[in-house]
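Working notes, beginning with the structure itself.
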Amino acid sequence: MAATIKDIAKKLNISVSTVSYALNDGPRSVPEDVKRRVLEAAQELRYRPNRVARNLVTRRSHTIGIVPSEATSNIVLSPYLQNSLNGIVNTAEANHYDVLFFTRYDQQEAKVMANVLLDGRVDGLIFLSPPKHAPALDIIAENEMPHVVIAGESTLNSPQFRVDNENGVRAALNHLWDLGHRKIGHLYGRLHMQDGSDRLRLYRDFMQEKGQAVPESWIEAGDFTMEEGYRGMRTILASDNPPTAIFAANDEIAMGAIRAADQQGLKVPTDISVVGFDNVPLSSVFIPAITTIRQPVEELAAQATQVLLKLINGESVQNLPVLPTELIVRDSTTSPKEDT
């Protein structure tokens, strides 16, 4: 049977509360020589702390919860999620916090899932690309649970972290426009997510500003995945008047689009140009290397985690930054054939 603090107290002939204070660094101070003896006895008796019991006393789990956008298979294979997790985990580890990933999160059962998120296992929550108008997020905010939102919005003014989608999309489309492209199509992401709907809206706004009509055949769903980017690109290329360039809502869509073009006997960028969004590591070694918009995903996640830790500690936060994006020009874009 595992040793308890009572065993340590009996061995040293001191009170259980003194042992608890020594092992937990408080809430009352303990003389250094007593603390040393307690730690030595704990090691000798192979004592292992009962984290659940400690949490009941401190009301802290020292754990951050991550709530993904939705419960789907293979979600951890997403490069965007991997970069976000890296920023969260590194920051949490540096501050002596663990991370719990809620793989069973389901937006359709908002009240049930809110109860799961509020069950005391975590001190705070990071909502990662939540669906728009997510009811569970509202319940968390109403219960004043410390939380932040990455790449999403909240109706109750939750702390939100995002990148500059507007300038990012404009930079991508201006790049294609400056190369001479006028027939620019779009493979959009998930429209129930803020980034997906924003990038589609900004694409339409840009083309309208330029006075360029956009046939609906130039626009297809990409779902933020390579598979759907491939399917959407095949559909666009099968139309009577396909575009000469594609703006993809993320790099995974762009990769699928390039693969589809290649299988149709088209060369990127000679026959059709493709621009992505995210600058995931694979985009620079993909063939051809993908012109894309860099967004600082890991930095965004790290900043969100730092703010969440402040909220957990009862600190107030304000003036949250919108992080800049950057155009990265590579090999997947060039001037359209008819202008050469």
Side-chain angles (χ1 to χ4, degrees), residues 59-71 75 78 80-81 83-85 87-89 91-92 95 97-166 189-199 201 224 295-325:
R59 297 186 179 181
R60 290 283 183 89
S61 66
H62 289 279
T63 302
I64 291 172
I66 300 176
V67 184
S69 58
E70 53 197 339
I75 188 172
S78 163
Y80 178 87
L81 178 64
N83 287 341
S84 297
L85 286 176
I88 294 169
V89 170
T91 306
N95 288 275
Y97 266 75
D98 289 326
V99 172
L100 175 62
F101 192 79
F102 285 91
T103 56
R104 292 183 59 249
Y105 183 71
D106 186 354
Q107 290 287 350
Q108 302 304 315
E109 301 288 342
K111 291 184 179 180
V112 174
M113 291 313 304
N115 287 334
V116 171
L117 300 176
L118 291 166
D119 68 4
R121 283 182 289 174
V122 298
D123 297 330
L125 294 163
I126 296 176
F127 285 83
L128 189 57
S129 301
K132 293 186 291 183
H133 315 299
L137 174 55
D138 290 344
I139 295 172
I140 296 301
E142 289 168 355
N143 280 270
E144 299 183 349
M145 172 75 158
H147 68 285
V148 295
V149 178
I150 297 177
E153 64 176 9
S154 167
T155 58
L156 297 179
N157 297 318
S158 301
Q160 299 168 45
F161 291 81
R162 59 189 179 89
V163 299
D164 190 350
N165 268 318
E166 182 169 356
R190 296 169 191 167
L191 297 184
H192 64 278
M193 295 168 62
Q194 197 65 42
D195 283 346
S197 61
D198 280 353
R199 290 169 195 172
R201 173 181 56 81
F224 286 140
Q295 61 168 329
V297 175
E298 191 169 329
E299 180 183 349
L300 188 74
Q303 286 193 16
T305 307
Q306 289 283 12
V307 167
L308 178 60
L309 293 174
K310 290 182 179 181
L311 293 173
I312 290 171
N313 290 323
E315 301 177 40
S316 60
V317 297
Q318 55 187 352
N319 300 325
L320 301 180
V322 176
L323 297 191
T325 52

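- In terms of heavy atoms, Pro68 sits closest to Phe101 at CB-CZ, 3.8 Å.
- Partners of Val89 under the side-chain contact (heavy atoms from CB on, under 4.5 Å) rule, at least two apart in sequence or in another chain, are Val99.
- Between Leu100 and the choices Val67, Val122, Ile66, the side-chain contact (heavy atoms from CB on, under 4.5 Å) rule is met once, by Val122.
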Would you list the atom pairs, donor with acceptor, under 3.5 Å between side chains in residues 303-313 and any protein atom, with sequence neighbours excluded?
unit_1	atom_1	unit_2	atom_2	d
Gln303	NE2	Glu299	OE2	3.4
Thr305	OG1	Ala301	O	2.8
Asn313	OD1	Arg60	NH1	3.4
Asn313	ND2	Leu309	O	3.1

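- With sequence neighbours excluded, the residues that form a side chain to side chain donor-acceptor pair (under 3.5 Å) with Asp164 are Asn167.
- With sequence neighbours excluded, the residues satisfying ring pair (Phe, Tyr, Trp, His ring centres under 6.0 Å) with Tyr97 are His62.
- Taken to the nearest 0.5 Å, the OG1 atom of Thr63 stands 6.5 Å off from the CG atom of Asp123.
- Remark: Leu191 engages Tyr188, Leu200 in a side-chain contact (heavy atoms from CB on, under 4.5 Å) (not counting sequence neighbours).
- Separation of atoms CZ (Arg199) and CD (Gln194) is listed at 10.5 Å; rounding is to 0.5 Å.
- Applying the side chain to side chain donor-acceptor pair (under 3.5 Å) criterion to Gln160, with sequence neighbours excluded, gives no partner residue.
- For Asp198, the salt bridge (charged side-chain N to carboxylate O under 4.0 Å, His left out) partners are Arg201, not counting sequence neighbours.
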Going by atom type alone, with no hydrogens or angles, which donor-acceptor pairs under 3.5 Å involve a side-chain atom of residues 140-149 and a protein atom two or more places apart or on another chain?
unit_1	atom_1	unit_2	atom_2	d
Asn143	ND2	Ile139	O	2.8
His147	ND1	Met145	O	2.7
His147	NE2	Ser158	OG	2.6

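- Partners of Asn95 by side chain to side chain donor-acceptor pair (under 3.5 Å), not counting sequence neighbours: none found.
- Taking both residues in full, the closest heavy atoms of Ala151 and Pro130 are given as O-CD, 4.1 Å, listed atom of the first, atom of the second, then distance.
- Taking the side chain as every heavy atom from C-beta outward, Tyr80 and Ser129 approach each other to under 4.5 Å.
- Partners of Leu300 under the side-chain contact (heavy atoms from CB on, under 4.5 Å) rule, at least two apart in sequence or in another chain, are Ile150, Phe161, Val163, Leu323.
- Here the closest non-hydrogen pair linking Lys132 and Met193 is CG-C, 4.4 Å.
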